[in-house]
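Here is the structure we will look at, set down as structure tokens.
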There are 2 protein chains.
Amino acid sequence: MARKNLLAGLMDQNDTTDTPAYPMRGASKTMIRSIDELAKQAEKLMEGETIVDIDPDTIDGSFVTDRMEDDSEQFQDLLRAMQERGQDSPILVRPHPQTDGRYQIVFGHRRVRAARQLGRPVRAVIKALDDRTHVIAQGQENSARANLTFIERAAFARRLEDLGYDRETIMSALSANAASVSKMMSVTERIPAGIIERIGSAASIGRERWVELSLLIGRPNNLTKANDILDAEDTMSLDSSARFNALMAGLKTTAKRVTKSVATGTTWASADSSISAQIKSDSSGFSLSLKAGNGAKFGRFLADNLDALYDRFLKDGDRG
Amino acid sequence: MARKNLLAGLMDQNDTTDTPAYPMRGASKTMIRSIDELAKQAEKLMEGETIVDIDPDTIDGSFVTDRMEDDSEQFQDLLRAMQERGQDSPILVRPHPQTDGRYQIVFGHRRVRAARQLGRPVRAVIKALDDRTHVIAQGQENSARANLTFIERAAFARRLEDLGYDRETIMSALSANAASVSKMMSVTERIPAGIIERIGSAASIGRERWVELSLLIGRPNNLTKANDILDAEDTMSLDSSARFNALMAGLKTTAKRVTKSVATGTTWASADSSISAQIKSDSSGFSLSLKAGNGAKFGRFLADNLDALYDRFLKDGDRG
DNA sequence: GTCGATTTTTGTCAGCTGACAACAATCTAC
DNA sequence: GTAGATTGTTGTCAGCTGACAAAAATCGAC
């Protein structure tokens with residue numbers, strides 16, 4: 001796919017007034033994106049288009065699913081709101097690529113479902129988009145709108161890769177850099193989709209922990225164990241993040257590490273109290289820290305005489 | 001104010017389906033709050049009320065300002081959207097507490113301003129709210145909506161406290177716990193409001209750095225220095241967070257710390273390569289770490305002979 | 001004035017995510 | 001086949017914010 005920057009003004013997020021003169025790090029950048037940003041983004045997609053009412057029965061869902069589970073309480077809220085006050089924001093659809101007279105949702109799936117259930121037309125903007133532009137728009141709208149969890153974004157990225165999109169497209173759809181997308185691919189490569197679905201959206205479980213889980217699951221017998229843990233009745237009654245934690249805990253007890261010998265710590269002080277020392281020793285090493293008045297000088301003395309000391313140690317060692 | 005839990009269903013955020021069975025930490029909790037949450041919150045405020053069109057010239061702003069600066073580009077976007085498609089979401093107003101026939105905005109200030117500029121009525125829900133409920137609703141709406149920065153939230157909290165509201169009310173308005181509100185009060189107590197306004201909303205500058213700045217500003221002469229730094233022409237041309245960083249850097253060069261001597265690090269290895277050592281030495285101390293094969297044994301040997309070694313050191317030291 | 005309860009303050013931590021950097025793998029030109 | 005460029009992978013870090021805990025301050029009953 002050689003067509004780049006098709007919606008350059010949208011996809012590049014080139015809102016220079018918001019671009020700081022210094023790097024914005026981590027969680028803060030995510031949180032700065034506000035509803036206003038979202039409104040602006042959707043606005044650019046729909047700029048200059050008119051809104052029409054469409055029969056929901058002529059509308060099909062997107063060819064990429066983006067949400068892992070549906071919060072039926074939130075859907076009931078939306079239903080009630082639309083019933084009372086109509087539909088606040090229009091959805092975006094494109095003419096169906098295969099079927100004349102029908103439309104395909106770019107974003108607004110739940111609003112369509114609510115309108116259908118209410119027996120009402122849905123307010124929509126119709127725009128001709130190719131597949132690539134469609135998935136980028138859908139991805140960006142959903143990323144901004146619901147603050148999808150790491151694993152939901154990762155699953156979306158996996159589906160885009162499975163559909164054949166290149167990394168640049170996926171990066172645009174998720175507003176993510178190459179490293180982030182790569183980690184999503186690693187996780188969804190190592191953890192089977194079935195396991196991910198059984199865990200669920202796991203709100204508040206971040207990338208590092210998913211990576212950790214993916215490495216655990218890769219070990220022998222752990223996949224079977226994981227399914228056993230998820231089969232347990234009490235596990236499935238937990239919410240999604242608690243299921244994640246239960247799975248992690250369960251896999252960790254099977255993958256016991258060889259425990260290192262515990263470091264022992266003692267102290268030493270010179271007879272004249274001008275030096276204090278911290279000593280740590282275990283089966284694999286030794287550590288000596290000297291402090292107070294003469295500590296540095298005594299330390300250099302020790303350092304200068306390590307060869308001689310080592311010779312003496314070897315002799316004493318032989319006799320011992 | 002003894003009236004509590006006036007809007008219990010709203011203020012307590014008791015959406016049990018979203019309540020995890022484990023603590024949700026830090027930034028992730030903030031980010032999980034999504035537009036859906038916001039929609040639900042506003043929905044509960046307006047539930048059962050009808051929407052009416054109101055002449056913007058009969059509407060006054062809230063008695064508490066909540067936003068530090070106005071992004072005029074975002075306002076232009078809103079203006080254009082309302083011109084093209086009308087007003088998506090109604091605002092919330094209450095009958096004006098002092099003036100009959102007028103209303104006071106709980107939330108929706110920019111939409112009112114845009115409607116006024118377009119010469120159109122504004123869609124609104126009218127609800128009788130007392131002052132306390134008003135500020136809680138305003139605070140929660142604005143907290144959720146724009147992801148206000150730490151200092152904007154802190155300034156809002158400061159205004160509420162100056163208006164006489166108790167900590168519980170302020171905690172509700174900001175959806176924040178006592179410790180968070182307390183830190184906001186410390187910062188806005190130590191940094192004069194004029195300095196804060198000149199810095200601006202400082203997106204991405206978090207609580208810890210504001211606390212650090214507040215402690216710096218509290219030192220003698222630093223307030224004058226801060227004003228001088230902010231007066232500089234090149235400082236004011238920076239964006240808000242960069243101004244913050246410039247101010248911090250400027251104040252820190254005046255509050256110079258005594259630099260510690262730099263620790264030097266060397267290594268040692270036994271002649272037979274069965275021990276490697278890391279040696280760190282500076283003016284105040286010394287550190288020796290031994291590793292590899294015989295490291296632990298040699299270390300114990302050293303530890304057992306520290307008294308003798310120290311005696312030798314003292315003798316050598318006298319001669320040296 | 002004292003004591004216990006409550007509130008406030010402040011230091012610190014956990015886990016988040018964007019980003020950076022180093023390294024590995026892949027690709028392309030020659 | 002090789003070398004340089006590009007892409008992808010992974011370890012790690014910085015700063016965020018909610019929360020916890022300990023200490024300090026305040027309040028109210030006696």
Side-chain angles (χ1 to χ4, degrees), chain A residues 13 19-20 22-33 143-144 147-154 157 161 165-171 174-190 201-215 218 241 244-245 248, chain B residues 13 19-20 22-33 143-144 147-154 157 161 166-171 174-190 202-215 218 241 244-245 248:
Chain A
Q13 297 286 336
T19 307
Y22 58 97
M24 196 181 295
R25 303 232 188 237
S28 66
K29 185 176 176 183
T30 302
M31 293 192 297
I32 296 305
R33 299 184 74 179
S143 291
N147 283 328
L148 291 173
T149 66
F150 169 80
I151 200 62
E152 284 174 320
R153 283 160 57 82
E161 181 136 291
Y165 291 97
D166 64 9
R167 287 297 175 93
E168 190 175 338
T169 301
I170 299 171
M171 286 158 60
L174 290 162
S175 301
N177 66 12
S180 298
V181 173
S182 189
K183 291 174 197 280
M184 292 176 188
M185 295 308 178
S186 295
V187 167
T188 51
E189 180 76 25
R190 294 186 193 118
S201 63
S204 91
I205 305 295
R207 183 188 67 222
E208 302 317 317
R209 293 221 270 138
W210 277 103
V211 168
E212 189 180 348
L213 180 66
S214 79
L215 294 172
S241 295
F244 178 96
N245 287 322
M248 282 282 281
Chain B
Q13 297 286 336
T19 306
Y22 58 96
M24 196 181 295
R25 304 236 186 233
S28 65
K29 185 176 175 183
T30 301
M31 293 193 295
I32 295 307
R33 298 183 76 179
S143 290
N147 283 329
L148 291 173
T149 65
F150 169 78
I151 200 61
E152 284 175 318
R153 284 159 57 82
E161 178 136 295
D166 64 10
R167 288 298 174 93
E168 191 175 339
T169 301
I170 298 172
M171 285 158 60
L174 290 162
S175 302
N177 66 12
S180 298
V181 172
S182 189
K183 291 175 198 281
M184 293 175 188
M185 296 308 179
S186 295
V187 167
T188 53
E189 180 75 28
R190 293 186 192 118
S204 91
I205 305 296
R207 182 187 67 218
E208 303 317 315
R209 293 222 267 138
W210 278 103
V211 169
E212 188 180 348
L213 180 65
S214 78
L215 293 172
S241 295
F244 178 96
N245 287 322
M248 282 280 283

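We name chains A, B, ... by the order of the sequence lines, and we start the count at 1 in each one. Bear in mind the structure is a predicted one, so any value in this text is a computation, not a measurement.
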*Side chain of B:Ser241, backbone of B:Ser204: donor and acceptor closer than 3.5 Å?*
no
*Provide, to the nearest angstrom, the distance between the CG atom belonging to A:Asn177 and the P atom belonging to D:dG8.*
12 Å
_A:Ser186: which residues meet the side-chain hydrogen bond (donor to acceptor under 3.5 Å, both in side chains) condition with it, sequence neighbours left out?_
none
*Can you check the B:Ile151 CD1 to D:dC16 P distance for me, whole Å?*
12 Å
*How close or far is atom P of D:dC16 from atom CD1 of B:Ile205, stated in whole angstroms?*
6 Å
*Roughly how many Å is it from CG in B:Asn245 to P in D:dG15, rounded to a whole number?*
9 Å
_Side-chain heavy-atom pair B:Glu161, B:Val181 within 4.5 angstrom cut-off_ = no
*Does the side chain of B:Ile205 come within less than 4.5 Å of B:Ile151's, by heavy atoms?*
no
*Gap between atoms OH and P, on A:Tyr165 and D:dG8 respectively (whole Å)*: 17 Å
*If we fit an axis to the first five pairs and another to the last five of the helix from C:dG1-D:dC30 to C:dC30-D:dG1, what angle do they make, to the nearest 10°?*
10°
*Between B:Arg167 (side chain) and B:Ala178 (backbone), is there a donor-acceptor pair under 3.5 Å?*
no
*For the pair made of CZ in B:Phe244 and P in D:dC16, what is the distance, rounded to whole Å?*
8 Å
_Let me spell it out: for each of B:Val181 and B:Arg207, pick the nucleotide of DNA chain C with the closest heavy atom. Which residue's pick is nearer the 5' end?_
B:Val181
*Just to confirm, is there a sub-4.0 Å distance from OP1 or OP2 of D:dT10 to any side-chain nitrogen or oxygen of A:Ser186?*
yes
*Choosing from C:dT12, C:dG18, D:dA21, which nucleotide comes nearest the side chain of A:Ser180?*
C:dG18
_Distance criterion of 3.5 Å, no angle test: do you see the side chain of A:Lys183 paired donor-to-acceptor with the base of D:dG8?_
no
*asked:* I need the CE-C1' distance between B:Met185 and C:dT10, as an integer number of Å.
replied: 16 Å
*Compare side-chain N and O positions of A:Arg167 against OP1 and OP2 of D:dT9 and report whether any pair is under 4.0 Å apart.*
yes
*Is the phosphate of C:dC16, meaning OP1 or OP2, less than 4.0 Å from a side-chain N or O of A:Arg209?*
yes
*Round to a whole Å and report the spacing from CG of B:Asp166 to P of C:dT6.*
17 Å
*asked:* Determine whether a donor-acceptor pair (N or O, by modelled atom type, separation under 3.5 Å) exists between the side chain of A:Thr149 and the backbone of A:Ala202.
replied: no
*asked:* Is it the case that the side chain of B:Ser214 and the backbone of B:Arg190 share a donor-acceptor pair, with hydrogens and angles ignored and the cut-off at 3.5 Å?
replied: no
*Report yes if a side-chain nitrogen or oxygen of A:Ser182 is closer than 4.0 Å to either non-bridging phosphate oxygen (OP1 or OP2) of D:dT9; otherwise report no.*
yes
*For B:Ala176, answer base if it contacts any base atom (sugar-phosphate contacts may also be present), sugar-phosphate if it contacts only those atoms, and nothing otherwise; contact means non-hydrogen atoms under 4.0 Å.*
nothing
